[in-house]
Amino acid sequence: MASSVTRLDTSARGSARASAAVRHDWTREEALALYDLPFMDLLFRAQSVHRATFDPNKVQMSRLLSIKTGGCAEDCGYCSQSAHHNTGLKASKLMEVERVIAEAKKAKAAGATRYCMGAAWRSPKARDMDVVVAMVEGVKALGMETCMTLGMLSDGDIAKLRDAGLDYYNHNVDTSEAYYDKIITTRTYAERLDTLARVREAGMKVCSGGIVGMGEEREDRVDMLVTLANLEEHPESVPINMLIAIPGTPLENAERIDAIDFVRTIAVARIMMPKSFVRLSAGRTEMSDETQALCFFAGANSIFVGDTLLTADNPGEDKDGQLFAKLGLSALELGSEASSDQEPVNSAGRQDAHQS
Ligand code: SAM
Ligand code: DTB
Ligand code: SF4
């Protein structure tokens, strides 16, 4: 390992452009060597990779809505919505389309560009599909990007969502394949990968990431990132959630992940998936401004906004407004994403200096 650390260490000081190459052949050893780099080298390298593609002072903003809450047949050990756990959450039926559109309008007014609708299902029932299709069409008509997370999908469901114009489908791998059965037993890792592959095949954008802080080892964190980075195409969006330990779930007493380890996970995701949006997702209410700032420096460039996620709390507009003002961050507007063909610029419009 010492030699690969040295090699990575050297390239950390090399060209930001070269290190932003998109690869799909990452090994666990390479990923671990990145994870174990001296923190300053890791962050410098992640920030260099980040600047090769993105404006480092812009953050994409998504808003979540739980369109069907609780009573879920799956046994995901972290989840407030599983019928297997006693979390005291009140289950509800699928929301009415008009209400979803009204909520999406509010989110747009508050600055969100993408509306993510989540349902506590193992997979949607046929009768639900007409309703979710109407939701996609209604939210799209507002001029927002749409994302749904509905569990596993049949090919028919996928075609309906694609034809409705759904932009992103979220389906997380959640953790490493090795750790997975400590967390979920009712759905396999292979089933998750299969759903992701079929969504991609149908031409939709993929949002896939996972959770850290579930008692996993650092090997599990990097294995999860290797799985994501070695997909045929990188997910356009990679949510990294910090476990929100929910009373009544099997993970209620999980030991909190060290903030530096969380930042390392974000940095490795940024380096391995250089052109993807890496989302600093669940768990921000428990993070200091300083931890979040380090996550942005490590290459996170997307967040969930608003005071709720699906069932849990999120910092909300005022707190995020203050944080963004302190850090000089601002919202990424729709259609303004830097593409890999562009010269990287910072928000002051200057081209970033590249080292050679
Ligand atoms: N039921 C659908 C599914 O699981 O495919 C969609 C909704 S589910 C809540 C979406 C993702 O949210 C999960 O895969 C997990 O990564 C994340 N998540 C759920 N509960 C969480 C928690 N307590 N802390 C952090 N992340 C969580
Ligand atoms: C993702 O990776 N995180 C979001 C979204 N995708 C669907 C969900 C976070 C849920 C946090 C716990 C809750 O609100 O219940
Ligand atoms: Fe159900 Fe999704 Fe929660 Fe798992 S994460 S229990 S599938 S709502």
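Side chains are part of it too, since the values below use all heavy atoms of this structure and drop only hydrogens, waters and symmetry mates. Remember, it's 1-based here, ligands and their atoms both numbered in the order they're listed.
Take a cut-off of 2.8 Å around atom 4 (Fe) of ligand 3: the protein N, O or S atoms inside it are Cys76 SG.
Note on ligand 2: Ser80 sits in its first shell, one or more heavy atoms being nearer than 4.0 Å. No heavy atom of Tyr78 sits closer than 4.0 Å to any atom of ligand 2.
Within 4.0 Å of atom 2 (Fe) of ligand 3, not a single protein heavy atom is present.
Every atom of ligand 2 with a heavy atom of Pro239 under 4.0 Å away is listed here by number and element: 2 (O). Numbered from 1 in the order shown, with element, the atoms of ligand 2 that lie under 4.0 Å from a heavy atom of Thr149 read 7 (C). The contact set between ligand 2 and Asn172, taken as ligand atoms under 4.0 Å from a residue heavy atom, comprises 1 (C), 2 (O). Every atom of ligand 2 with a heavy atom of Leu64 under 4.0 Å away is listed here by number and element: 4 (C), 5 (C), 7 (C), 8 (C). For ligand 2 and Asn170, the ligand atoms under 4.0 Å from any heavy atom of the residue are 6 (N), 7 (C). Every atom of ligand 2 with a heavy atom of Thr311 under 4.0 Å away is listed here by number and element: 13 (C), 14 (O), 15 (O).
With respect to the salt-bridge test (charged N to carboxylate O, under 4.0 angstrom), the residues Arg28 and Glu219 do not qualify. Between Arg198 and Asp194 there is a salt bridge, since at least one side-chain N of the basic residue sits less than 4.0 Å from a carboxylate O of the acidic one. Under the 4.0 Å criterion applied to side-chain N and carboxylate O atoms, Glu145 and Arg114 are assigned as salt-bridge partners. The residues Arg63 and Glu103 are annotated as not salt-bridged, no charged nitrogen and carboxylate oxygen being separated by less than 4.0 angstrom. Taking a cutoff of 4.0 Å between a charged side-chain nitrogen and a carboxylate oxygen, Arg187 and Asp75 do not qualify as a salt bridge.
A donor-acceptor pair shorter than 3.5 Å cannot be found between the side chains of Thr186 and Arg122. Using modelled atom types and a 3.5 Å distance limit, the side chains of Asp220 and Thr175 yield no donor-acceptor pair. With hydrogens and angles left out, the side-chain atoms of Tyr78 and Asp174 include a donor and acceptor closer than 3.5 Å. Side-chain atoms of Lys68 and Ser92 form no donor-acceptor pair, as typed in the model, at a separation below 3.5 Å. If you check the side chains of Asp167 and Thr146, you find a donor sitting under 3.5 Å from an acceptor. Counting only N and O atoms by type, the side chains of Tyr169 and Arg200 include no donor and acceptor under 3.5 Å apart.
With hydrogens left out, the protein atom closest to atom 5 (C) of ligand 2 is Phe304 CZ, 3.7 Å, a heavy atom. Protein heavy atom nearest atom 12 (C) of ligand 2, with residue, atom name and distance: Ala312 CB, 4.0 Å. Among protein heavy atoms, the minimum distance from atom 10 (C) of ligand 2 is reached at Leu310 CD1, 4.1 Å.
Contact annotation: for Asn241 versus ligand 2, heavy atoms closer than 4.0 Å belong to the side chain alone. With a 4.0 Å heavy-atom cut-off, ligand 2 is reached by no atom of Thr308.
Both the sub-6.0 Å distance and the 45° axial angle are not jointly satisfied by Arg221 relative to the ring of Tyr35.
In this pair, His24 and His234 present their aromatic rings tilted. The plane angle is within the 30 to 60° band.
Counting heavy atoms of neighbouring residues, nucleotides and ligands inside a 6.0 Å radius, atom CG of Asp258 exceeds 12 of them. The 12-atom threshold is not exceeded at CD of Glu317, counting heavy atoms of other residues, nucleotides or ligands nearer than 6.0 Å.
Protein residues with a heavy atom under 4.0 Å from ligand 1 are Tyr78, Ala119, Trp121, Thr149, Gly151, His171, Asn172, Asp174, Arg187, Ile211, Asn241, Met242, Leu243, Ile244, Ile246, Ala282, Leu310.
For the pair Cys79/Thr249, no side-chain contact is recorded, criterion being any heavy-atom separation below 4.5 Å from C-beta on.
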